[in-house]
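Below: one structure, written as structure tokens.
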Amino acid sequence: MLDIRLVRDQPDFVKARIATRGGDDARKIDELLAIDAERRKAETQLQQLNGERKRLSKEIGGRRSRGESSDELEARVRAIGDEIGRLGDEATASETRQRDLLLRIPNLPHADAPMGKDASDNPVVRSWGEKPHFDFPPLDHAALGSKLKLFDLERAAKLSGSGFICFTGAGAKLERALIYFMLDLHTREHGYTEISPPFLVRRDCMIGTTQLPKFEPDMYGLEENQMFLAPTAEVPVTNFHREEILAAPDLPKKFVAYTPCFRREAGSAGRETRGIIRVHQFDKVELVKITRPENSYEEHESLTANAERVLQLLGLHYRVIELCTGDLGFGSAKTYDIEVWSPGQNAYLEVSSCSNFEDFQARRMELRFKDADGKNRFCHTLNGSGLALPRLFAAVIECGQQRDGSVRLPEILLPYFGAAEIRRDA
RNA sequence: GGUGAGGUGGCUGAGUGGUCGAAAGCAGCGCUUUGCUAAAGCGCCGUACCCCAAAAGGGUACCGAGGGUUCGAAUCCCUCCCUCACCGCCA
């Protein structure tokens, strides 16, 4: 959520920044300002009337205790009360409209964000390692998975419909090995505190991390309970300290959480549907930071590096791209995507998206800290996958495949998986 | 799911219709005294929003949330949320 005062003071600046995203959200700014003026006008009048009522009511109390008549005063206050009721409704309506609108206006891209229209304009920031070479035609993960019985999509569909995965045997074990490996790495070497949060969250939390109200059609909700299946651990973990005022020395807070993620993927039917690349439920290890505003961009770099470390230790080739203004997510000011190489798809797969939301989420969830002057200020929030599982899983088996159909696993997984290879007969 | 008790400022806790944004204590900040520490004394010490070009200053709201009664609500009524205790059910 943008700071209404910033919008008020520098509307042209705000409009220009938002316009870089494309779309017509900049138009909403004028509407917002109109509502804001209306709201403040009603509020000011309301406050004057409230003051008057307060004064007169005290006067009534005084007169009554002295045994004097207060009839004419009571009539006046009653009339003021009616007016207060009317104006109050007006003020509340404006307030609601303002908030609703504010919740649907995206964050301002960072001043240095690369300009661009869509994903094709995203610059590559760096890459690591090299594409593996095969002296045989490599299979994609779907073929490998079914040959080695690592997952069973047909039977998963029987249980839950298309777009669900059922890992089996060595596949289930490999998934678990990857999760354990990543959690250990981030807790032991990168200093994150592990969180195992609820997967069902309240509406307010979904608003806090910007999934709602705009993206409600993409979310799984439980109508009667007004709860939602978290589409990412970002939701429960970032909201962990919502409506709190943290002590400055306690920042940054660094959390890592492994959770399943639930997404309707409405409207993406037919895209990337082969195998386990795009599904309704997947596992993910997520990194979340709550920082002071001054150093959130440093923390953003290190968070991204922490996520990259996973791929480096697994020996998987990847590249990091920065999202251009046109491709940036709704709440993000700056985002790096990490993409691992998939020989089977002959393409890079997004396995992590590391974003700095600045105070955009914090303002929505009233997440603050007390600075050295004793003033309450909004924190900055960041998150990034560290990493998303099905795609990482796909890259691991595709890159490790051998001519005989077996898969050689990265050495670092040996203590977690208990074997160096996955063979057909296993 | 049932019954009961509760939700007041950073914390403890008083307040059952009017002058209560809220006693008191603790914690915190500042000053005085002091060789230093300790102790004591005095003062300050919530949040949000609005008015004002800004500062100074002024105002309004907020006692879990929302509605209602009333001239006036922390206080009375209703609904909901949450916490605690016991009972039932269940992995």
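Just so it is clear: chains get the letters A, B, ... in the order the sequence lines come, proteins before strands, and each one is counted from 1.
Straight-line distance from the CG atom of A:D9 to the C1' atom of B:C52: 14 Å, rounded to whole Å. With rounding to whole Å, A:I80 atom CD1 is found 15 Å from B:U60 atom C1'. Look at CZ on A:R64: it is 10 Å from C1' on B:G18, rounded to the nearest Å. Regarding A:E74, its CD atom lies at a distance of 16 Å from the P atom of B:U69, rounded to whole Å. Protein atom CZ of A:R63 is 16 Å distant from nucleotide atom C1' of B:U19, rounded to whole Å. In this structure, the CZ atom of A:R202 is 11 Å from the C1' atom of B:C80, given to the nearest Å. Residue A:R242 contributes atom CZ, which lies 14 Å from atom C1' of B:C81 at whole-angstrom precision. Computed from coordinates, the A:N376 CG to B:C49 C1' distance equals 15 Å when rounded to whole Å.
Between B:U19 and B:A74, the two P atoms lie 9 Å apart (nearest whole Å). Taking the P atoms as reference points, B:C84 lies 30 Å from B:G28, given to the whole Å. Separation of the C1' atoms belonging to B:C20 and B:G72 is 13 Å when rounded to the nearest angstrom. On the C1' atoms, B:A55 is 37 Å away from B:A73, given to the nearest whole Å. Between B:U3 and B:C80, the two P atoms lie 12 Å apart (nearest whole Å). Atom P of B:A48 sits at a distance of 16 Å from the matching atom of B:C11, rounded to the whole Å. Taking atom P in both B:U75 and B:G68, the straight-line distance is 14 Å, to the nearest Å. B:C82 and B:U60 are spaced 29 Å apart, taking the C1' atom of each and rounding to whole Å.
Taking a 4.0 Å limit (strictly below) on heavy-atom distances, residues 82-102 of chain A does not reach RNA chain B anywhere. For RNA chain B, the neighbouring residues in residues 38-57 of chain A, judged by any heavy atom under 4.0 Å, are A:R39, A:R40, A:E43, A:T44, A:Q47, A:N50, A:G51, A:R53, A:K54, A:S57.
Remark: the backbone N or O of A:E350 is paired with a side-chain donor or acceptor of A:R391 at under 3.5 angstrom. No donor-acceptor pair under 3.5 Å is formed between the side chain of A:R377 and the backbone N or O of A:F369. With hydrogens and angles disregarded, no donor-acceptor distance shorter than 3.5 Å links the side chain of A:E299 to the backbone of A:L382.
Judged purely by distance below 3.5 Å, without hydrogens or angles, the side chains of A:E398 and A:S342 pair a donor atom with an acceptor atom. Between A:D152 and A:T168, the side chains place no donor N or O within less than 3.5 Å of an acceptor N or O (distance only, hydrogens not considered). There is a side-chain donor-acceptor pair under 3.5 Å between A:Q361 and A:T381. A donor-acceptor contact under 3.5 angstrom links the side chains of A:Y318 and A:Q312, judged on distance only.
A salt bridge does not link A:E234 with A:K284: every distance from a Lys NZ or Arg NE/NH1/NH2 to an Asp or Glu carboxylate oxygen is 4.0 Å or more. A salt bridge links A:D36 with A:R40: the distance from a Lys NZ or Arg NE/NH1/NH2 to an Asp or Glu carboxylate oxygen falls below 4.0 Å. Ion pairing between A:R53 and A:E83 fails under the 4.0 Å rule for side-chain N and carboxylate O.
Remark on RNA chain B: of its neighbouring residues A:V77 and A:G62, the 5'-side contact belongs to A:G62, judged by nearest-heavy-atom nucleotide.
Of the candidates A:N306, A:N383, A:L387, A:N306 is the only one forming a side chain to side chain contact (heavy atoms under 4.5 Å, CB included) with A:L287.
Below 30°, between 30° and 60°, or above 60°: for A:H190 and A:H186 the angle between ring planes is between 30° and 60°, a tilted geometry. Classification of the A:H141-A:F151 ring pair by plane angle, with boundaries at 30° and 60°, yields tilted.
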Watson-Crick and G-U pairing of RNA chain B, under 3.5 Å, as dot-bracket with | and [ ]: ((((((((.[[[..)..(.....]]].(((((.......))))).((((((.....)))))).[[[[[..)....]]]]])))))))....

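A:I60 comes within 4.0 angstrom of a base, heavy atoms only. Within the nucleic acid shown, A:R66 has no heavy atom closer than 4.0 Å to any nucleic acid atom.
Dashed line: the shortest gap from a side-chain N or O of A:R368 to OP1 or OP2 of B:A48 is under 4.0 Å. Residue A:R8 has a polar side-chain atom (N or O) positioned under 4.0 Å from OP1 or OP2 of B:C50.
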